[in-house]
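Let me begin by presenting the structure, written as structure tokens, before commenting on it.
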Amino acid sequence: MSDIEYSFTIDGQQVRFTPGETILQAALKAGIFIPHLCFHPEFRPHGSCKLCTVVVNGRTTAACTTRAMPGQDVYSDKPELNSHRRLLLQMLFVEGNHFCPGCEKSGNCQLQALAYDLEMLNPHFAHFFPKRPVDASHPDAVLDLNRCIMCELCVRASRDVDGKNVFALAGRGLDSHLVVDSKSGKLGDSTFAATDKAASVCPVGAILPKGKGFAVPIGERVYDKESIREKVVGLADTGAEP
Amino acid sequence: MNAIADVDTRSAVRKLRVATTSLGGCCGCHMSFLDIDERIIQLAEHVDFDRCPLTDLKHCGPCDIGIIEGAVCNAENVHVLREFRRNCKVLVALGACAVTGGLPALRNRVDLDDCLTRVYAGRGNGGAVPNDPELPLLLDSVFPINEVVRVDYFVPGCPPPEQAIWKLLSDLIVGHMLRLEDKLIRFD
Amino acid sequence: MSQSVGDDGLPLDQAVESILLRHQRDPACLVQILRELQDRLDYISPRTVQQLAAKLEIPITRVKSTLAFYSFLYDEPRGRYRILFSDNITDRMLGSMALYRHMLNRLKLEPGEVSADGLVSVALTSCTGMCDQGPALLVNNRAVTRLTPERIDEIIGLIRAQVPVSAWPAAYFKVEDNIRRADLLLNTEWVPGAALQTAIERGPHGVLAELKQSNLRGRGGAGFTTGIKWEAARKTPAEARWVVCNADEGEPGTFKDRVLLQSYAGSIFEGMIIAAYTIGAKRGFLYLRGEYTYLLPSLEATLADLRRRNLLGEDICGVEGFDFEIDVHVGAGAYVCGEETALIESLEGKPGRPRIRPPFPVSRGYRDQPTVVNNVETLCKVVEVMLRGGAWYKGQGTRQSTGTKILSVSGDVERPGLYEYPFGVRVAQVLEDAGAIEPRAVQISGASGTCLTRREFGRRIAFEDVPTAGSFMVFGKGRDLFEMAQNFAHFFAHESCGFCTPCRVGTSLVASILDKIGDGHGTEYEMNELAFLSQVIRSASQCGLGQASCNALTDTIQKFRGDYERRLRPIDFEPAFDLDAALGKARAITGRDDSGARLSTRVDIDQ
């Protein structure tokens, strides 16, 4: 089949795809940035954060779980969609306790970087200020649920890559929370190891290595040097793994 | 950056009145404000300062711009914030604490009773929590300022970069809406 | 697990073993296992979680996530008498909140608190499907209807005397059918096997042809064509196929499935058997909502009767190789499980989080095999189509909505109950028949449905005009539609599965903003907030629950704006909370009450 048949447009720009790819996968490969948090190229699309919400042929849908189809007309970088995305980010910020100045992930955090990219100046809504625990029982890692955004990347990494099922999402609605596979419920009593994929996959500062906080000075951190948009698109250009 | 210089100060245009204060904050945002260095002279050509740490006025009068640093932690913060809202045409939340609750809001996960009892335990007076009417009473929870009054603009950061503060003032002085782009938006 | 002999006469370990054995230690039966264990143990302790994980050979996280998802599964003691007041708006209109507060006061309890002696807890739960005979409550998952202050006092007496629920007066638990207008379905007596016999005579292709000709559409609300659904499942190559009856009737204000399950169960099961015959399924489930657990014995009895008649089991009706069995799976309090993919997740023993579609259940459903999920009423309709033929059926109702529809009518009417009409009936007709008392509004199809004003009472119940899953709540003169919207907002915030951001956080934000308005702190600012929030929640949410969660809100803002505006403050902003109350703890700690220890909440007073 010719390329014309395996292509669609995003904001008027033609994008080629391989059958089976989602709109988000095809877009990123083509160097077009669509904001996303729960998507990770090494894992099966999940579709929970909804940051990648786009309009496909007039219908609103998540780009990460929608298959690319020939001739699709996709809108993404539009003021209205970006304002929806900003609102979703604000929801995530007021849902948890995201105190950036005191977070080791600051400067390397995808949630924060997306907020910069989408020019989110404040969390807007009344904060829920939930009381969530910090689990420092593991010798090599700390689990701070105040920062968790329920993307389930750690759940997927532990299950699909590490073969361990250390994490799961439990509860419902705003009571949703991560649980740990150990009798005490503590990370230190689980089979979790610092070398696990689940230890490095968190897009925010919910799972962090111990003893390495603030290792990189301000100005040198990932998103100090380039925006998340530039970084993701740059990786696409070089064909490197993020 | 030079937009502010284009405004002709010799004309009869009235100077803008600006008030600033720190509620539950560390004054770090004010320090960042001072990082505009010599541009403060340029600024003085366009604005008069009402209540602010430089004038040491205790109350804020009618103003064009009110800038609030810090979170709302106690009754006095509420009075000051309301006075600013009443008197200022435009109210700006400056810095992480005013915008999100910031560091003071970390106490929101601790019960106030427990917090005060532990802090004053073994500190003389039988560990009693001070009750002098001169002291402002603490609120059960700490709030960002927009949960207590309506706020017009937000400048995040801990502290906000001095360029962001300069952008805020120069935009407002020339009568623009504030727009902070990616590089000037920092949450830490 | 400590050793104690329970009602079943077995020592505990043996009882647990027998529960596990009955479910063949299959982790897919986790919801059933947890529910049955809880009946025996009162609640699921961390130790039980560990033991269960070990015995089922699954991670502890798997047990924990399922346990924490369902409202009726408890990881801490909830009292020997667990009282849950049904909290639909119709219960509130019948005075449920006064009864609820009365009970809390008399038992000296806070909502959800367990009494110090571990005897009783009192809390709220989502609509229990007794709107025609409310206010209602659940005691240890059994429905008590027609509550009055006297009945509440009697119940308190029974609890204090520690009388087992099984020994409470039977009248408490009486659930009336309240059939007020019967038509095709409710008027027809079930003749066991007659419809199945015609299906067998027609053969699977013949059944599909009849169904397609009848244009039978699903009664659960979405209205998908049943014949097409079945055909898709039949065509998908698979090792096994499944038939599921969705009896998770959770939409607030709906109770027609309750009546069908109570008095027409034979037809429902026969519909399932015809589905199995048509698509080639060997096993099926009826997913019964937890609130209807009291129907389990009668459903099991009907299944036993069907087996005796060789309408279930092996070589059904003498057709060689036509084997089919039905299990009843009881839910545990999760509205979202009415969504078919969430229901399938629940059947597999997991939290009921909707799946990403496609694939649809007809190609990959239960255990990733083709699965037909049909509403209770739809399956009864299948029986009608088989008996009367597709051509005849097509002549009933309207062109796009064939046949009849059962409405669950509640609220401000003289005769609440079931009303069956041919599709196309006008809303005004239903109101007249039910004896509506000066109707101001009708909320059709539940919390996720449409709110109609008087001017719209000429509209018709049909997929092409006002579609409905069956709920029909009437609001008379003087009723406040803001209260309905607020009640529904809390319902959705409570029932959101938590998977996607807009629904998980958005529904709670909407509920808290409505509370702010309800508490008299709202301004036009909040109205604008609601407009933008509802737009994003509707367009970005993963499943129908989130997408429809703001329907009642936007309808009532548009059509009954006055109910909101009279609560709004004529200023531009006010905090959501009481500032003076927020100084309460500090006042108590310091013992101060001077003027500096007080704050006016209202800015205009402060000035």
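In the text below, chain A, chain B and the rest are named by the order of the sequence lines, each starting its count at 1.
Heavy atoms closer than 4.5 Å to chain A are found in both the backbone and the side chain of B:L103. Using a 4.5 Å cut-off between heavy atoms, B:N108 contacts chain A through both its backbone and its side chain. Contacts of B:R179 with chain A are made by side-chain atoms alone, with heavy-atom separations under 4.5 Å and no backbone atom involved. Heavy-atom distances place both the backbone and the side chain of A:N122 under 4.5 Å from chain B. For a residue to count as touching a neighbouring chain, one of its non-hydrogen atoms must lie under 4.5 Å from one of that chain's; by this rule A:H124 touches chain B with the backbone only. Of the two parts of B:V142, only the backbone, made up of N, CA, C and O, holds a non-hydrogen atom closer than 4.5 Å to a non-hydrogen atom of chain A. For A:F93, the part sitting under 4.5 Å from any heavy atom of chain B is the side chain, from C-beta outward, and nothing else.
Ranked by heavy-atom pairs shorter than 4.5 Å toward chain A, the options B:V155, B:V110, B:L106, B:V151 are led by B:L106. Comparing A:R229, A:M120, A:E119, A:R132 by heavy-atom pairs within less than 4.5 Å of chain B, the highest count is held by A:E119.
A salt bridge is defined here as a Lys NZ or Arg NE, NH1 or NH2 lying under 4.0 Å from an Asp or Glu carboxylate O, and B:R107 with B:D140 fails to meet this definition. Between B:D37 and B:R39 there is no salt bridge, since no side-chain N of the basic residue sits under 4.0 Å from a carboxylate O of the acidic one. Salt bridge annotation for A:R221-A:D224: present, with a cationic side-chain nitrogen under 4.0 angstrom from a carboxylate oxygen. Ion pairing between a basic and an acidic side chain is recognised when a charged N comes within 4.0 Å of a carboxylate O; B:D64 and B:R17 show no such pairing.
A donor-acceptor pair shorter than 3.5 Å can be found between the side chains of B:D188 and A:S106.
Summarising the local packing, CZ of A:F128 is surrounded by more than 12 heavy atoms from other residues, nucleotides or ligands at distances under 6.0 Å.
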